[in-house]
Amino acid sequence: MKAYLYDDLPGDQRLPHDSGKTVDADDLTKLGVLYYRFSDVDGVNKLASERGYKNRDEITVSPEKMGAVYEEKVKSFFHEHLHEDEEIRYIRDGYGYFDVRNKGDQWVRIHLEKDDLLILPAGIYHRFTTDETNYIQAMRLFKEEPKWTPLNRSEELDANQYRKEYVTSYLQ
Ligand code: KMT
Ligand code: NI
């Protein structure tokens, strides 16, 4: 895992966009973003059961797997959104970027690799993209009633109960 402030310069979303300003795991924790590394799935199973997760699936995001819809899919993952539930991703292979908004509403870019696990809290604005390797395989974990439909950022959404709880807990 490597995290830094996004440079906000034009260019493909899959380029690093590294401003050179590092963000560490403690800074992420202050935003409610938790980072772990698990070399095998046993640790993931334990964490999942502690947090009440029962379901999971695996997704491969790559042109080989997705064919013609790959570019479209990658663009859709990159729309800024939130969920009314936690989002847990365990990277099984390849690389990807999760971008999250910090206190000053700047993007923090988190580069994940195999064995990294990231927990994004409910209500945080974020987006995802593959990197230049165009390949990631990830486990997505769900609670029983998944409330993680992506809700795109808007002014009305700032009044959402889960958004307000996130702001109160982490941004004030
Ligand atoms: C997400 O949350 O945007 C995704 O599920 C993308 C694929 S998982 C790396
Ligand atoms: Ni999401």
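Order of listing sets the numbers, starting from 1, for every ligand and every atom in it. None of the values given here were measured: they were computed from a predicted structure. Each residue takes its place number in the sequence, starting with 1.
- Within E87, the N, O or S atom at minimum distance from the Ni ion (ligand 2) carries the name OE1.
- For the 3.5 Å distance criterion, the side chains of Y125 and D158 qualify, holding a donor opposite an acceptor.
- Atom 6 (C) of ligand 1 has its closest protein heavy atom at F128 CD2, 3.5 Å.
- Put simply, CG on L171 and CD1 on I124 are 7.5 Å apart, with the number rounded to the nearest 0.5 Å.
- In terms of polar-atom proximity, defined here as any N/O pair under 3.5 Å, E87 does make such a contact with ligand 1.
- By the 30° and 60° cut-offs, the orientation of the rings of Y97 relative to H111 is tilted.
- Taking the six-membered ring for Trp and thresholds of 30 and 60 degrees, F128 and F77 have ring planes more than 60 degrees apart, a perpendicular arrangement.
- Counting only N and O atoms by type, the side chains of Y135 and E64 include no donor and acceptor under 3.5 Å apart.
- Across M139 and V41, no two heavy atoms sit closer than the pair CE-CG2, 3.8 Å.
- With ligand atoms numbered from 1 in the order given, ligand 1 contributes 5 (O) to contacts under 4.0 Å with heavy atoms of R140.
- Checked against the Ni ion (ligand 2), the N, O or S atom of H81 at the shortest distance is NE2.
- The contact set between ligand 1 and R89, taken as ligand atoms under 4.0 Å from a residue heavy atom, comprises 1 (C), 2 (O), 4 (C), 5 (O), 8 (S).
- The atom of H126 nearest to the Ni ion (ligand 2) is NE2, with the search restricted to N, O or S atoms.
- Set against the non-hydrogen atoms of A138, the atoms of ligand 1 under 4.0 Å away are 9 (C).
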